[in-house]
Amino acid sequence: MNRVYGVQGVTPTTREARWKQLPENERAGVLTHPAWLGAHSLSFENDPNLVHRGKWIREELLCQNIPDLPLNVDAMLTEASREQSARQRISEQIDADPYCNGCHQMMNPLGYPFEIYNHAGFLRVEDHGGPPNGTSVLANMPAPELDGAVTSAIDLSTRLAGSKYAKRCFMRQAFRFFAGREETMHDGCTLVAMETAYDESGGAFSELLIALFNSDSFQYRVPE
């Protein structure tokens, strides 16, 4: 749903008046919503916001872990590059460094598509003298349907939405939240039941939860 809450200069009087429809070529779901974009950014538009956004997607939507930052690494971009775009700064200082790129290759390609937006989630008109660039190439992803070139955050969001792997990570995250623990091999039947209920209901989250709450995994939880 490509809508945001609130319209500048308008006092909402009805529920519909509280929403503004955004163009489909600018927004595509929660990952392109200003609230999510702003929550996963730093203070300036050319800060390494793309790293934070890519890390979140890798861990929360793909269920993969990023190693902790080594104690001997000063994770800062140089002040000398402050006049450059975030893409230029990251590409020159991190992507070109083999020591840093070992971990950043898991985050940066997923963050580059969001460079069509600034740190506050507004669509860029220009980016330090050039056009906004949201292109990226995803490689060595956890599922083949996620590999390949993307043109923007909208393209990436569409690809994630159509991925069975991302959908199953969503199931696992729901399980972890409501069960209060990570899944094990013994929870396989529960996860299958959750996915079946979700698919057969046309994507109803409530049906996924009903399947979870009726499962042995949930009903026979052991208190700590």
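From a predicted model like this one, the values you see are computed outputs, not experimental measurements.
What you find for Phe178 and Phe218 is that their closest heavy atoms are O-CE1, 3.4 Å.
Taking a 6.0 Å sphere around CD of Glu60, one finds it holds more than 12 heavy atoms contributed by other residues, nucleotides or ligands. For CG of Asn25, the number of neighbouring non-hydrogen atoms (other residues, nucleotides, ligands) closer than 6.0 Å is greater than 12. The local environment of CZ in Phe122 is sparse, with at most 12 non-hydrogen atoms from other residues, nucleotides or ligands closer than 6.0 Å.
Checked against side-chain hydrogen bond (donor to acceptor under 3.5 Å, both in side chains), Arg159 has no partners two or more places apart in sequence or in another chain.
Of the inter-residue distances, the one linking Gln84 atom CD with Gln93 atom CD reads 7.0 Å to the nearest 0.5 angstrom.
In this structure, Arg53 is not positioned above the aromatic face of Tyr117 in the sense of NZ or CZ being under 6.0 Å from the six-membered ring centre and within 45° of the axis.
Residues Glu115 and Asn133 fail the side-chain proximity criterion, which asks for heavy atoms closer than 4.5 Å. For the pair Pro113 and Asp155, the minimum side-chain heavy-atom distance is 4.5 Å or more. Counting heavy atoms from C-beta on, the side chains of Leu31 and Leu156 never come closer than 4.5 Å.
Between the side chains of Arg58 and Gln64, at least one donor-acceptor pair of N or O atoms lies under 3.5 Å.
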From CA spacing to verdict: salt bridge (charged side-chain N to carboxylate O under 4.0 Å, His left out), Lys164, Glu145: CA-CA 9 Å; Lys164 288 185 178 180; Glu145 70 268 16; over 6 Å; no
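Side-chain atoms of His104 never come within 3.5 Å of backbone atoms of Asp95 as a donor-acceptor pair (strictly under, hydrogens ignored).
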